Each structure stands twice: as structure tokens, then as C-alpha cells.
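Beneath this line is the structure, given in C-alpha cells, with notes to follow.
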Amino acid sequence: MVVIPELPKVERLRRKIEPELRGRTIVGVATSTHNLRASLPQSRLQALKGSRFIGVRRRGKYLLLELDSQQAVLVHLGMTGQLVFRLGGDKHDHVIFELDAGLPLVFNDQRRFGMVLVFNNGDLATCPYLTRTGVEPLSAAFTPRYLWEHCQRRQRPIKNLIMDQSVVVGLGNIYANEALFGAGIRPTRPAGRLSPKRLRELVRHISICLRVGIDQENPLRFVYGRGDENCLVCDTPIVKVKMAGRSTFYCPRCQR
DNA sequence: CTTATGGCCTGTCAGC
DNA sequence: TGCTGACAGGCCATAA
């Protein structure tokens with residue numbers, strides 16, 4: 001089973017590549033002719049030669065590869081994107097950073113839902129990809145009160161709301177399903193009809209699910225992808241429905 | 001303002 | 001055997 005790059009996978013990637021990337025200088029850049037979700041900025045990428053990586057930050061599901069030249073490479077993995085240190089050459093390799101030491105850093109993306117862009121540091125503050133985003137779910141800003149305020153007078157299902165990156169970043173379909181199971185909340189429930197107490201439980205379980213995903217490689221799977229199975233807790237058949245075009249799984253007994 | 005939907009993209013698999 | 005269609009997902013643009 002392929003794990004979609006939600007917050008935990010992106011954070012694990014950040015922790016893995018930062019120590020290898022920091023201090024490395026770009027000596028060459030190769031790109032594919034394919035466009036990703038956004039066009040590959042050819043000339044901007046080529047102009048990075050000579051820049052040195054100084055750090056890797058994460059914002060939601062985005063990675064920022066920071067350079068000593070007051071620029072940064074913004075990366076989103078989309079569905080199937082990968083950042084790996086290896087020799088380039090695969091048909092799905094879209095950006096290859098040749099480094100002054102070690103293996104090249106390759107952005108590979110089979111379905112091309114991801115993107116690679118270059119920004120000047122001064123433009124990051126107004127970059128829509130970063131400014132339109134909600135709070136980090138593992139930060140102190142993601143409080144029960146914060147979620148409650150966003151739920152007030154909202155008719156939309158709670159699952160759609162917690163997957164809305166302008167509210168809280170990093171939750172994709174798998175973690176949204178699992179967090180709602182943990183909190184005992186049915187995904188279809190209108191956000192505005194949840195009590196503060198239940199929303200506090202949801203905040204708690206979002207945090208738990210994400211932390212487990214970061215500590216281990218894979219998310220806990222209680223409901224996601226178990227449409228043909230019974231609930232691990234109460235043995236009731238798991239229900240599968242479509243919400244906003246996404247497969248949604250829940251236990252009709254444990255989740256109300 | 002809020003919320004929903006279409007489209008992007010390819011690999012996999014069921015069904016004919 | 002080879003084809004077709006459905007499906008998987010994040011997120012932007014667009015529409016209601």
C-alpha cells in the first residue's frame with residue numbers, strides 16, 4: 001500500500017534529508033520537459049548553480065529547501081512525488097540537483113501532481129502557497145478553541161473541514177479518516193453541530209495520529225481502506241462513502 | 001461570504 | 001489478448 005505524503009511523511013522526509021543536504025553546493029541542475037502541477041522554472045533552476053543549501057523547513061505538506069543565496073526551492077510531493085539521493089535517469093525524474101559531494105538530489109514524480117518552484121526569500125512572505133494555509137496541527141496554535149471557532153455556523157461535514165488546508169495544514173485523506181475514528185466522530189457530521197468537548201477530542205486525536213505517523217513509518221489503520229472489513233473495536237461492518245470525491249471510511253457504531 | 005465540483009496525471013485492475 | 005473505464009489522491013481554478 002502506497003502511503004500518500006501527508007504531514008508525517010513530509011516531516012520524516014525533512015528530517016532525513018536535512019543533514020545530508022545542509023552545506024552541499026549545487027553544481028548542476030537537470031530538468032525533464034514535463035510540466036508538474038506548476039511549470040518548472042527552467043531559468044530560475046539553472047541560476048541556482050553555486051548556491052549552497054543551508055536548511056530544510058516544512059510548512060504543511062510543503063518543503064522549503066533554503067539556500068545561502070537568499071532563495072529557496074519550494075517542493076510539494078503531490079501524490080507520488082519523492083525526493084531521494086541517487087543517480088538520475090528514471091523517466092519520472094523531473095529535477096536533478098547535482099551536488100558538490102555525494103549523490104544528486106532527485107525529485108521524481110510518476111503522476112506529476114507535485115511541484116518544484118524557486119522563490120526569493122523576500123517573496124516567500126507573500127507566496128500564496130504558504131500564506132493561504134492554516135495553522136500547524138502540532139503547534140500550540142491548534143487549540144480546541146481554534147477549531148471550534150472555525151466550526152461555528154459551518155454546515156460542511158467535519159471531515160471536509162479538517163482536510164481544508166486553509167483551516168489546518170497537513171491532514172490528507174488517510175489521517176482525516178483515522179483521527180475521526182479515534183475521536184468517535186462520524187465524518188459526515190456538520191462541523192457546526194459538534195460540541196466543544198467533542199472537538200477537543202478531535203484535536204487530541206489529530207495530534208496523536210500525526211505523531212504516531214511521524215514516529216513510525218505508517219499511519220495507524222483502523223478504518224481507512226477497510227471497506228470490506230469489520231470494525232476492530234466492535235466488529236460492525238465498516239462503511240465506505242464518497243465525500244468531496246474522496247473515499248471515506250467509518251464505523252457506524254463507534255462514530256456518531 | 002461559503003461550499004462543491006472539475007481537472008490535472010499515470011499505473012493498476014476488473015470486466016468484457 | 002487487448003481494450004475500456006473506474007479508481008486512487010492533493011490542490012488550484014472555477015462556479016454556484
Side-chain angles (χ1 to χ4, degrees), chain A residues 1-14 31-41 58-64 74-83 90-95 107-117 119 126-137 147-180 187-194 206 209-210 213 218-219 221 223-228 238-250:
Chain A
M1 174 75 79
V2 177
V3 177
I4 303 310
E6 305 183 37
L7 184 150
K9 188 174 175 187
V10 178
E11 176 61 20
R12 284 177 65 92
L13 176 65
R14 187 194 72 75
T31 59
S32 77
T33 56
H34 289 111
N35 273 343
L36 304 177
R37 183 159 60 99
S39 303
L40 278 176
R58 180 188 60 75
R59 181 77 178 91
K61 302 175 192 173
Y62 290 89
L63 280 183
L64 264 180
L74 183 70
V75 176
H76 193 290
L77 300 177
M79 283 283 300
T80 52
Q82 303 178 68
L83 270 179
D90 182 82
K91 65 185 285 198
H92 300 303
D93 289 348
H94 300 297
V95 184
F107 178 80
N108 178 284
D109 190 359
Q110 185 183 83
R111 295 186 204 173
R112 310 211 291 271
F113 272 31
M115 65 177 179
V116 178
L117 292 173
F119 286 91
T126 55
C127 165
Y129 297 117
L130 301 178
T131 59
R132 284 180 197 160
T133 56
V135 301
E136 286 284 338
L147 183 59
W148 179 82
E149 283 173 355
H150 276 272
C151 286
Q152 293 314 105
R153 296 173 299 281
R154 291 289 121 79
Q155 300 302 311
R156 69 194 303 202
I158 185 64
K159 173 169 182 264
N160 295 0
L161 186 138
I162 63 173
M163 286 181 68
D164 185 337
Q165 304 295 300
S166 68
V167 175
V168 56
V169 294
L171 284 165
N173 199 32
I174 298 175
Y175 285 92
N177 273 290
E178 297 300 345
L180 286 163
T188 51
R189 179 165 287 273
R193 299 215 196 110
L194 282 159
I206 286 172
C209 288
L210 294 175
N218 296 309
R221 286 276 181 94
V223 285
Y224 183 82
R226 297 192 187 275
D228 296 326
I238 296 296
V239 172
K240 176 181 179 180
V241 294
K242 279 271 185 193
M243 295 180 64
R246 305 287 170 252
S247 294
T248 304
F249 303 87
Y250 66 91

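If you're wondering where the values come from, they're calculated on a predicted model, not measured in any experiment.
- Inter-residue side-chain proximity for Glu6(A) and Leu210(A) is flagged as unmet; no heavy-atom pair is nearer than 4.5 Å.
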Please produce a list of atom pairs where a protein N or O lies less than 3.5 Å from an N or O of nucleotides 10-13 of chain B.
| unit_1 | atom_1 | unit_2 | atom_2 | d |
| --- | --- | --- | --- | --- |
| dT10(B) | OP1 | Arg112(A) | NH1 | 2.8 |
| dT10(B) | OP1 | Arg112(A) | NH2 | 3.2 |
| dT10(B) | O2 | Arg111(A) | NE | 3.4 |
| dG11(B) | OP1 | His92(A) | NE2 | 3.1 |

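- Counting only residues at least two apart or on different chains, the salt bridge (charged side-chain N to carboxylate O under 4.0 Å, His left out) pairs with a member in residues 158-168 of chain A are Arg156(A)-Asp164(A).
- For the pair Leu171(A) CG and dG10(C) P, the computed distance is 10 Å after rounding to whole Å.
- Residue contacts for Lys240(A): at a heavy-atom cut-off of 4.0 Å it reaches the sugar-phosphate backbone alone, with no base atom in range.
- The separation between Met163(A) atom CE and dC11(C) atom P is 8 Å, rounded to whole Å.
- Distance CZ (Arg37(A)) to C1' (dG6(B)): 15 Å, rounded to an integer number of Å.
- Taking atom CD1 of Ile174(A) as the reference point, atom C1' of dG10(C) lies 12 Å away to the nearest angstrom.
- As a whole-Å value, the separation of His94(A) NE2 from dC9(B) P is 11 Å.
- Under the salt bridge (Lys or Arg N to Asp or Glu O under 4.0 Å) criterion, Arg58(A) pairs with Glu11(A), Glu136(A), not counting sequence neighbours.
- Counting heavy atoms from C-beta on, the side chains of Arg189(A) and Pro157(A) never come closer than 4.5 Å.
- Shown here are the salt bridge (Lys or Arg N to Asp or Glu O under 4.0 Å) partners of Arg111(A), two or more places apart in sequence or in another chain: there are none.
- Close to dA8(C), at under 4.0 Å from its OP1 or OP2, lies a side-chain N or O of Lys242(A).
- Looking at residues two or more places apart in sequence or on another chain, you find no side chain to side chain donor-acceptor pair (under 3.5 Å) involving His92(A).
- Comparing the start and finish of the helix from dT2(B)-dA16(C) to dC16(B)-dG2(C), five pairs each, the helix axis swings through 60°, to the nearest 10 degrees.
- By the ring pair (Phe, Tyr, Trp, His ring centres under 6.0 Å) test, Phe249(A) pairs with Tyr224(A), sequence neighbours left out.
- Gln165(A) places a side-chain N or O within donor-acceptor distance of the main-chain N or O of Gly170(A), the cut-off being under 3.5 Å.
- For the pair Thr80(A) (side chain) and Gly78(A) (backbone), a donor-acceptor distance under 3.5 Å is absent.
- Residue His76(A) places no side-chain N or O under 4.0 Å from the OP1 or OP2 atom of dG10(C).
- Exactly one residue among Val10(A), Leu83(A), Leu36(A), Leu64(A) makes a side chain to side chain contact (heavy atoms under 4.5 Å, CB included) with Val75(A). That residue is Leu83(A).
- Legend: residues meeting side chain to side chain donor-acceptor pair (under 3.5 Å) with Ser32(A), ordered by chain and number and at least two apart, are His94(A).
- Across the protein-nucleic acid pair, Leu74(A) atom CG and dG10(C) atom P stand 18 Å apart, rounded to whole Å.
- By the side chain to side chain donor-acceptor pair (under 3.5 Å) test, Gln155(A) is found to be paired with no residue, residues two or more places apart in sequence or in another chain being considered.
- Not counting sequence neighbours, the partners of Pro190(A) by the side chain to side chain contact (heavy atoms under 4.5 Å, CB included) test are Arg193(A).
- If you check distances only, the side chain of Arg246(A) does reach the base of dG10(C) with a donor-acceptor pair under 3.5 Å.
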What's touching nucleotides 1-5 of chain B from the protein side, N or O pairs under 3.5 Å?
| unit_1 | atom_1 | unit_2 | atom_2 | d |
| --- | --- | --- | --- | --- |
| dT2(B) | OP1 | Arg154(A) | NH2 | 2.9 |
| dT3(B) | OP1 | Gln155(A) | N | 3.0 |
| dT3(B) | OP2 | Arg154(A) | NE | 3.3 |

Name the pairs: protein N/O against N/O of nucleotides 13-16 of chain C, kept only if under 3.5 Å.
none

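- Rounded to an integer number of Å, the gap from Asp109(A) CG to dC8(B) C1' is 12 Å.
- Within the 3.5 Å criterion, the main-chain N or O of Ala176(A) finds no donor-acceptor partner in the side chain of Glu178(A).
- In this entry the distance linking CG of Leu36(A) with C1' of dC9(B) reads 11 Å, nearest Å.
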